[in-house]
Amino acid sequence: MPELPEVESLRQILERSVVGRTIVGTRIGRLPLRRKVTTNFGPRIRGRRIDKIGRRAKYLILDLDGEDVILVHLGMSGSLTCRDRDFDSSEFDRRHDHIEFRLDDGTRLVFNDPRRFGIVRLVVRIALPDLHELKGLGPEPLSEAFNADYLAAQARGRKVAVKNLIMDQRVVAGVGNIYASEVLYRAGVRPTRRAGRLKREEIVRIAKFIPIILRDAIDRRGTTFRNYRDSEGRPGAFADRLQVYGRAGEKCYRCSTSIRNVLVGQRASFYCPTCQK
DNA sequence: CAGATAACCTGCGTGC
DNA sequence: TGCACGCAGGTTATCT
């Protein structure tokens, strides 16, 4: 269920805990996931050192020494957690633990995903840019490439609801359902507005708040709405900052109007009918 | 082509 | 308690 801030928080945790560690073995649980991991997975990564942890959109990229990288997507229900050496191995959950990476310091990195919408793929590094998963992704919302002019160009002539536009990974990579609602609340724009009908000033506000909200969420290690936990088992503190998501029927913190929940593109979308036009 | 919808899969909370 | 139902933070194939 993670969006960009949750994946980035995970990246930062792994950067501190597993970079420099060598994979000494793997254990396979249920599988398959949304895509095949690769053939010969275990033998191919045994003995490889994890050199770097990167991120692109909601994808995590574990850089190994040699030519391979491991691409990870958490889907709706995935998690990648560290288990230390005294974690009882009988607690390996064959139903939802799909892959366990055993590291040379005795810890284990476990990919768990009940709904199996996630992806773990071993690919060669040079193939990364052409990879089906990464190919069509839009700019990183925290990069210079994402700005008001760019967003205006993307919105021009489009009839989709603005919320769908900013959740479209080809337009901007990393915004999901929670942060889309939060961004539009801060920008004062209703989620149902047609993208092509937005005024320049509204586009400017949306483009401005996307990185602001995402950065704030990263600083707070993401959002725990239901049961999301970061890789160290801690809930994300951005939950306390949510202005509209999950607050249907509750009062807007700014004007006390009752927050509404409407379906936009089959997804729950929360907004304040007074603060958002 | 853009846009809308269905599908993928499982768990959990709710209401009867 | 049991059960049917709706809903979930994502992506993508397939329709119109």
Side-chain angles (χ1 to χ4, degrees), chain A residues 1-10 29-36 55-60 71-80 93-98 111-121 131-138 141 153-184 191-197 210 213-214 217-218 220-231 235-239 241-249 261-270:
Chain A
M1 309 187 269
E3 304 182 34
L4 185 149
E6 289 73 36
V7 178
E8 176 59 23
S9 296
L10 171 59
R30 186 170 172 181
L31 295 180
L33 299 171
R34 190 150 56 83
R35 302 208 49 173
K36 194 170 186 215
R55 179 190 59 75
R56 172 75 172 108
K58 300 171 191 172
Y59 290 89
L60 204 63
L71 186 73
V72 178
H73 193 292
L74 302 179
M76 288 280 265
S77 55
S79 64
L80 193 58
D93 171 10
R94 276 206 156 279
R95 187 166 167 76
H96 300 311
D97 287 345
H98 299 104
F111 181 83
N112 176 291
D113 185 5
R115 293 174 75 179
R116 287 183 286 138
F117 287 172
I119 290 174
V120 176
R121 263 189 96 185
L131 217 58
H132 174 69
E133 285 89 343
L134 305 183
K135 191 106 193 211
L137 290 173
Q154 290 293 314
R156 193 165 304 137
R158 297 288 304 275
K159 291 185 175 176
V160 281
V162 59
K163 176 159 177 282
N164 291 336
L165 183 83
I166 63 175
M167 285 178 67
D168 185 339
Q169 302 300 294
R170 295 167 301 187
V171 172
V172 55
V175 178
N177 205 38
I178 290 182
Y179 297 109
S181 280
E182 294 299 310
V183 162
L184 292 173
T192 47
R193 291 277 301 283
R194 304 268 179 191
R197 292 266 175 92
I210 284 176
I213 300 241
L214 295 180
I218 291 167
R220 290 161 200 284
R221 307 165 57 97
T223 300
T224 290
F225 184 63
R226 295 193 152 66
N227 45 25
Y228 166 84
R229 289 293 181 279
D230 70 21
S231 184
F238 194 79
R241 309 279 283 199
L242 294 178
Q243 305 293 300
V244 290
Y245 190 87
R247 298 194 62 241
N261 176 9
V262 293
L263 277 184
V264 180
Q266 317 288 64
R267 312 297 299 274
S269 308
F270 301 85

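Chain identifiers are assigned alphabetically (A, B, ...) following the order of the sequence lines, protein sequences preceding nucleic acid strands; residue numbering begins at 1 within each chain. Computed from a prediction, not measured in an experiment: that's the story for all the values here. In what follows, every heavy atom counts, from backbone to side chain, and hydrogens, waters and symmetry copies are set aside.
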*Asks:* Check every atom of dA6(B), dG10(C), dA8(C) against the side chain of Ala268(A) and return the nucleotide holding the closest atom.
*Replies:*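 Taking heavy atoms from C-beta onward, the closest nucleotide is dA8(C).
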
*Asks:* For Glu133(A) and for Phe270(A), locate the closest nucleotide of DNA chain C by heavy-atom distance; then report the residue assigned to the nucleotide nearer the 5' terminus.
*Replies:*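 Closer to the 5' end of DNA chain C: Phe270(A).
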
*Asks:* Counting just side-chain N and O atoms, does Arg267(A) come under 4.0 Å of either OP1 or OP2 of dG9(C)?
*Replies:*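 Yes, because at least one side-chain N or O of Arg267(A) sits under 4.0 Å from OP1 or OP2 of dG9(C).
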
*Asks:* Write down the atom of Arg158(A), the atom of Gln154(A), and the distance for their closest heavy-atom approach.
*Replies:*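 Scanning both residues completely, I find the closest heavy atoms to be CG-O, 3.1 Å.
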
*Asks:* Does Lys159(A) have a side-chain nitrogen or oxygen under 4.0 Å from the phosphate oxygens OP1 or OP2 of dA4(B)?
*Replies:*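 For dA4(B), neither OP1 nor OP2 has a side-chain N or O of Lys159(A) closer than 4.0 Å.
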
*Asks:* Say we look at dG9(C) and dG3(B): how far apart would their C1' atoms be, to the nearest angstrom?
*Replies:*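 Going atom to atom, C1' in each nucleotide, I get 23 Å.
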
*Asks:* Is there a side-chain contact (heavy atoms from CB on, under 4.5 Å) between Val7(A) and Leu60(A)? Walk through the geometry before answering.
*Replies:* CA-CA 7 Å; Val7(A) 178; Leu60(A) 204 63; 4.0 Å; yes

*Asks:* Would you sketch DNA chain B in dot-bracket for me? Only Watson-Crick or G-U wobble pairs with both distances under 3.5 Å count, crossing pairs as [ ], other-strand pairs as |, the rest as dots.
*Replies:* .|||||||.|||||||

*Asks:* From C-beta outward on His132(A), which listed nucleotide comes closest to its side chain: dG10(C), dT12(C), dG9(C)?
*Replies:*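 Nucleotide nearest to His132(A)'s side chain: dT12(C).
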
*Asks:* Which heavy atom of Ile210(A) sits nearest to which heavy atom of Pro141(A), and what is that distance?
*Replies:*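 In terms of heavy atoms, the two residues are closest at CG2-CB, 3.7 Å.
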
*Asks:* Measure up the Phe111(A) and His98(A) rings against each other and bin them: parallel (under 30°), tilted (30 to 60°), perpendicular (over 60°).
*Replies:*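 Answer is tilted, since the angle falls between 30° and 60°.
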
*Asks:* OP1, OP2 of dG10(C) versus side-chain N and O of His73(A): anything below 4.0 Å?
*Replies:*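 It does not, given that no N or O in the side chain of His73(A) lies less than 4.0 Å from OP1 or OP2 of dG10(C).
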
*Asks:* Record whether the side chain of Arg158(A) comes under 3.5 Å of the base of dA2(B) through a donor-acceptor pair of N or O atoms.
*Replies:*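 Not at all, since no donor on one side and acceptor on the other fall under 3.5 Å apart.
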
*Asks:* Check the geometry between Phe117(A) and dT11(C) and answer yes if their rings are stacked (centres below 5.5 Å, planes below 30°), otherwise no.
*Replies:*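 The ring of Phe117(A) is not stacked on dT11(C).
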
*Asks:* In Å, rounded to the nearest 0.5 Å, how long is the span from CD of Glu133(A) to CG of Leu131(A)?
*Replies:*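 Spacing of CD (Glu133(A)) from CG (Leu131(A)) equals 4.5 Å.
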
*Asks:* Can you check the distance between dT14(C) and dC9(B), where both ends of the measurement are the P atom (answer in whole Å)?
*Replies:*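 To the nearest whole Å, 15 Å.
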
*Asks:* Measure from the side chain of Tyr59(A), starting at C-beta and using heavy atoms only, and say which of dT12(C), dG10(C), dC9(B) lies closest.
*Replies:*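 So the side chain of Tyr59(A) is nearest to dT12(C).
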
*Asks:* From dT10(B), dG9(C), dG3(B), pick the nucleotide closest to the side chain of Val160(A)?
*Replies:*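 Nearest listed nucleotide: dG3(B).
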
*Asks:* Is Arg34(A) near enough to dG10(C) that one of its side-chain N or O atoms lies under 4.0 angstrom from OP1 or OP2?
*Replies:*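 No, because none of the side-chain N or O atoms of Arg34(A) sits under 4.0 Å from OP1 or OP2 of dG10(C).
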
*Asks:* Counting heavy atoms from C-beta on, name the nucleotide in dA6(B), dG9(C), dT10(B) closest to the side chain of Arg116(A).
*Replies:*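 In terms of side-chain proximity for Arg116(A), the closest of dA6(B), dG9(C), dT10(B) is dT10(B).
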
*Asks:* For the residue pair Tyr59(A) and His73(A), does the interplanar ring angle fall in the parallel (under 30°), tilted (30 to 60°) or perpendicular (over 60°) class?
*Replies:*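 The rings of Tyr59(A) and His73(A) stand perpendicular, inter-plane angle above 60°.
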
*Asks:* Check each residue of residues 165-177 of chain A for a non-hydrogen atom within less than 4.0 Å of any atom in DNA chain C, then write out the ones that pass by number, or none.
*Replies:*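 Contacting residues: Gln169(A), Gly176(A), Asn177(A).
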
*Asks:* Between the main-chain N or O of Lys58(A) and the side-chain N or O of Glu3(A), is there a donor-acceptor pair closer than 3.5 Å?
*Replies:*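 Absent.
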
*Asks:* Arg30(A) near the nucleic acid: base, sugar-phosphate alone, or nothing, with a heavy-atom cut-off under 4.0 Å?
*Replies:*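 The residue Arg30(A) makes sugar-phosphate contact but no base contact.
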
